[in-house]
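Shown next, in structure tokens, is the structure this report addresses.
Numbers restart at 1 for each chain; the letters A, B, ... are given by sequence-line order, proteins then strands.
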Amino acid sequence: MAERIEGVEISHPERVIFADTGLTKAGLARYYQSIAEPMLEESANRPLSLLRLPDGMAGERFFQKHPGKGFPKSIRQMQITESDGEDAAYAYVTDAAGLVAAAQMGTVEFHIWPARRDRLERPDRLVLDLDPDEGLGFDAVRSAALSLRDRLLDLGLSPWAMLSGGKGVHLVVTLRRNLGWDDLKHFARDFAALCAQDEPDRYTVELSKASRKGRIFIDWLRNERGSTAIAPFSVRARPGAPVAAPVGWDELAGIDTARAFGIQAAQERGWAGVARKPQSLTRAMFEALEAALAG
DNA sequence: GCTGGAA
DNA sequence: TTCCAGCAACGCCAC
DNA sequence: GTGGCG
Ligand SMILES: [Mn+2]
Ligand SMILES: [Mn+2]
């Protein structure tokens, strides 16, 4: 029994993707149809990496960034020159049909580049991904997010926040597209290093497992050409089908988990309480970071 | 979920 | 005809 | 150099 959603034929619409919540393939497709407007505001026209689970949570999963043959036309394709100098096809979407078509292909999670298709060498998102060590509670993540926000405000930048749907929080500064990848990476690395320098018991910028006890890894590596981060309003392939949910700063103070919102709540919330004004990383900000860093 | 090559 | 593997990748760092 | 890592 096929079912048509947003013009896309959904095979096995009653297949259960999340056994714990009962969310079916058609339910997931309908979610992406109805969340399309707020989701595409941020994620349209960005190169994508898709996390696909064609047999649901019980089956295998794999990332896919190069759209294969057999991808429908509503999942659009563009050529991007990779670091090895070779051109490769990348997927992006522009409309609800593209999101639904991806769901039909088994996509649960959408991961986005921090740059848009029309100006790939001018990223427009600075992402700081807070990854707590095992055993650290959400209260530590929340206070870290608020603390990093204060630091950014001191520099003259106003980030917004997103619950990852897993254990962490993302801080995002929406950028004017006036700098390149090297500058963005440099800024993100320096900012994270400064946080770790000032509060070494609280933060680390090293991804090595051993060096990471009881601390929060500030993952600044989301800010490189070719890297991706979970898209706002993407469902996560985790128990309970949590959603990566933007939250207002006032609201964050009263939240006690990074997987607070599911598909129903996400649709009701949209971008409420979240401000995404494009901002610039200025020379003065780079110099302030540089001056404060010991090494 | 779909392709392409191997068995 | 059925079976099965592939389906991202990138800098950093410990070894 | 390889491997883990996110
Ligand atoms: Mn490639
Ligand atoms: Mn994370």
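- Rounded to an integer number of Å, the gap from CZ of A/Arg225 to C1' of C/dA9 is 13 Å.
- Of the residues near DNA chain C, A/Gln64 and A/Gly226, the one whose nearest nucleotide (by heavy atom distance) lies more toward the 5' end is A/Gln64.
- Residue whose closest nucleotide on DNA chain B sits further toward the 5' end, between A/Lys69 and A/Gln104: A/Gln104.
- Among the atoms of the strands shown, none is found under 4.0 Å from any heavy atom of A/Ser227.
- Closest contact between the side chain of A/Trp220 and the listed nucleotides B/dG1, C/dC12, D/dG6 involves C/dC12.
- No side-chain N or O of A/Gln279 forms a donor-acceptor pair with one of A/Thr174 less than 3.5 Å apart.
- Protein atom CZ of A/Phe217 is 10 Å distant from nucleotide atom P of C/dC13, rounded to whole Å.
- Between A/Arg276 and A/Glu41 a salt bridge is recorded (basic side-chain N to carboxylate O distance below 4.0 Å).
- Regarding A/Lys185, its NZ atom lies at a distance of 7 Å from the P atom of C/dG11, rounded to whole Å.
- Checking C/dA8, B/dG1, D/dG6 against the side-chain heavy atoms of A/Arg212 singles out D/dG6 as nearest.
- Atom CZ in A/Arg189 sits roughly 14 Å away from atom C1' in C/dC10 (whole-Å rounding).
- The distance from atom OH of A/Tyr92 to atom CG of A/Leu48, rounded to the nearest 0.5 Å, is 10.5 Å.
- With C/dG11, B/dG1, C/dA9 as the candidates, the nucleotide lying closest to the side chain of A/Phe62 is B/dG1.
- OP1 or OP2 of B/dG1 lies within a sub-4.0 Å distance of a side-chain N or O belonging to A/Ser11.
- The separation between A/Asp129 atom CG and C/dG11 atom C1' is 16 Å, rounded to whole Å.
- Between the P atoms of D/dG6 and C/dG6, the separation comes to 23 Å (whole Å).
- Nucleotides of DNA chain C nearest to A/Glu224 and A/Ser49 differ in position, and the one nearer the 5' end is that of A/Ser49.
- Atoms CZ (A/Arg61) and C1' (B/dG1) sit 16 Å apart, rounded to a whole Å.
- Atom CH2 of A/Trp113 is separated from atom C1' of C/dC10 by 12 Å (rounded to the nearest Å).
- If you take CH2 on A/Trp220 and CG on A/Leu126, they are separated by 12.0 Å, rounding to the nearest 0.5 Å.
- Each of C/dC12, C/dC10, B/dG1 was ranked by its minimum atom distance to the side chain of A/Leu207; first place goes to C/dC12.
- Closest contact between the side chain of A/Pro54 and the listed nucleotides B/dG1, C/dA8, D/dG6 involves B/dG1.
- Distances shown here put every side-chain N or O of A/His66 at or beyond 4.0 Å from the OP1 or OP2 atom of C/dG6.
- C/dA8 and B/dT3: their P atoms are spaced 16 Å apart (whole Å).
- In this structure, A/Phe71 atom CZ and B/dG4 atom P are separated by 13 Å, rounded to whole Å.
- A/Asp124 places a side-chain heavy atom less than 4.5 Å from the side chain of A/Arg116.
- Of the residues listed (A/Lys65, A/Arg76, A/Arg46, A/Gln79), the one engaging A/Tyr90 in a side-chain contact (heavy atoms from CB on, under 4.5 Å) is A/Lys65, and it is the only one.
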